[in-house]
Amino acid sequence: MIQPTASRPSAPFPQDSPLIRVEHLTRAITTRAQRTIILDDVTFTIPAQRLFAINGPSGSGKSTLLNMLTGIDRPSSGRVIFGAEELNERSENALARWRGEHVGIIFQFFQLVPTLTAMENVLLALELGKGGGLPHRAWRERAQLCLETAGLSAFSQRLPSELSGGQQQRVAIARALANDPPVLVADEPTGNLDSRTAHGVFETLASLTEVGKTVIYVTHDPTLAARAQARLDLLDGRIVGQHGANALMASSPEVRS
Ligand SMILES: Nc1ncnc2c1ncn2[C@@H]1O[C@H](COP(=O)(O)OP(=O)(O)O)[C@@H](O)[C@H]1O
Ligand SMILES: [Mg+2]
């Protein structure tokens, strides 16, 4: 069940407008002995408010790419343009601030604070993100709404150790929603869950496009990859397939005009 979480409208990024543009992105690691290319001249676009998969076998460069989309890692060459802004022109501090406002991150191993309840984990994200502009008195209600959106309204007072893996990942989804970012990114979000639990958590993540989120996930599972509305296939740091994004963006009123 999905409820509107909007306090900050996604209006600057209407559905199917080109939200993130990646241009000729290359990431190389140089050691004294050699230079290894992890991503090689990658160019693609992610449409707003859609479910987007980065797919490929282990070692193909998926996590490296995701980290550059959020400015956690920097390219060796090429550009990541989010809306109208080029990420790599920003300082580390400015990037961290930008990330807090624009991106919610969901990890494979949940990464909740073990000594805090589900509610407190979400409240902590609000504190770190200054509530996404919400006044302090509205934070608890906001956190409860995020937990409900993530499908976990009943267990807000439990510690992570008192929750199943699937429930912990739902807390992590709620935490990612806390400051109402336009984009959610998830690196193998169901990779640590049994298949039935994984299905439910994935459906919740996918449904967030209905409340205006752009959801970008990394997977090596072809079945999960096929669920995306648009997809990038990587192999050995190169794009070997692109599906859906161009068709979606071509049908966007903003792109046509
Ligand atoms: N900091 C690093 N130093 C050296 N090699 C790295 C580093 N980060 C990633 N790699 C290598 O780059 C390749 C892609 O890694 P990664 O992006 O984690 O792939 P994936 O997420 O698809 O499994 C792998 O071969 C990995 O070993
Ligand atoms: Mg990875």
Side-chain angles (χ1 to χ4, degrees), residues 20-46 50-82 87-88 90 92 95-96 99 103-112 165-166 168-169 172-173 175-176 181 183-195 197-199 201-202 204-206 208 214-245:
I20 302 177
R21 287 181 293 134
V22 173
E23 295 179 353
H24 302 293
L25 199 72
T26 294
R27 181 74 173 94
I29 306 265
T30 308
T31 61
R32 218 175 317 175
Q34 60 180 1
R35 184 168 184 266
T36 309
I37 295 180
I38 298 175
L39 285 171
D40 189 2
D41 194 19
V42 167
T43 295
F44 65 100
T45 302
I46 299 179
R50 294 288 187 178
L51 186 62
F52 189 94
I54 298 170
N55 171 53
S58 178
S60 55
K62 305 182 297 296
S63 296
T64 304
L65 177 57
L66 196 68
N67 286 339
M68 289 197 289
L69 296 183
T70 60
I72 288 174
D73 192 7
R74 288 183 189 262
S76 305
S77 61
R79 311 198 295 168
V80 177
I81 302 157
F82 187 107
L87 292 194
N88 305 298
R90 293 167 172 256
E92 289 303 322
L95 257 179
R99 196 180 305 122
V103 188
I105 303 181
I106 296 153
F107 302 95
Q108 179 175 353
F109 296 101
F110 325 139
Q111 273 152 258
L112 303 175
Q168 288 182 59
Q169 194 59 309
I173 292 172
R175 176 178 61 184
V183 175
L184 297 176
V185 302
D187 196 344
E188 308 270 9
T190 60
N192 196 37
L193 303 174
D194 67 79
S195 64
T197 308
H199 177 77
V201 169
F202 183 81
T204 296
L205 198 58
L208 295 173
T214 304
V215 180
I216 304 167
Y217 66 103
V218 158
T219 186
H220 65 270
D221 177 340
T223 311
L224 278 186
R227 288 292 321 280
Q229 291 158 320
R231 183 178 98 222
L232 189 72
D233 297 326
L234 284 183
L235 182 67
D236 297 335
R238 295 210 173 112
I239 295 178
V240 292
Q242 290 200 63
H243 307 266

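No hydrogens, no waters, no symmetry mates; every other heavy atom, side chains included, goes into these values. Counting starts at 1 for both ligands and their atoms, following the listed order.
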Open item on the list: Do Ile20 and Thr214 make a side-chain contact, defined as non-hydrogen atoms from C-beta onward lying under 4.5 Å apart?
Closed with: no
Open item on the list: For Arg74, give me all partners under salt bridge (Lys or Arg N to Asp or Glu O under 4.0 Å), at least two apart in sequence or on another chain.
Closed with: Glu92
Task: Mutual orientation of the aromatic rings belonging to Phe44 and Phe52 [parallel < 30°, tilted 30-60°, perpendicular > 60°] - done: parallel
TODO: Please name the pair of heavy atoms, one in Arg35 and one in Thr30, separated by the smallest distance, quoted to 0.1 Å.
DONE: CG-OG1, 3.7 Å
- [ ] Please list, by chain and number, the protein residues whose heavy atoms come under 4.0 Å of ligand 1.
- [x] Ile29, Ile38, Pro57, Ser58, Gly59, Ser60, Gly61, Lys62, Ser63, Thr64
Task: Sub-4.5 Å side-chain heavy-atom contact between Phe110 and Leu193 - done: yes
Open item on the list: So, using salt bridge (Lys or Arg N to Asp or Glu O under 4.0 Å) as the criterion, who are the partners of Arg50 when residues are at least two apart?
Closed with: Asp16
Task: Distance-minimising heavy-atom pair for Gln108 and Asn192 - done: O-CB, 3.6 Å
- [ ] Measure the shortest side-chain to side-chain distance between Pro75 and Met68 over non-hydrogen atoms and say whether it is less than 4.5 angstrom.
- [x] yes
TODO: Assess whether atom CG of Asp41 is packed by more than 12 heavy atoms of other residues, nucleotides or ligands within 6.0 Å.
DONE: yes
Task: Under-2.8 Å neighbours of the Mg ion (ligand 2), protein N/O/S atoms only - done: 1
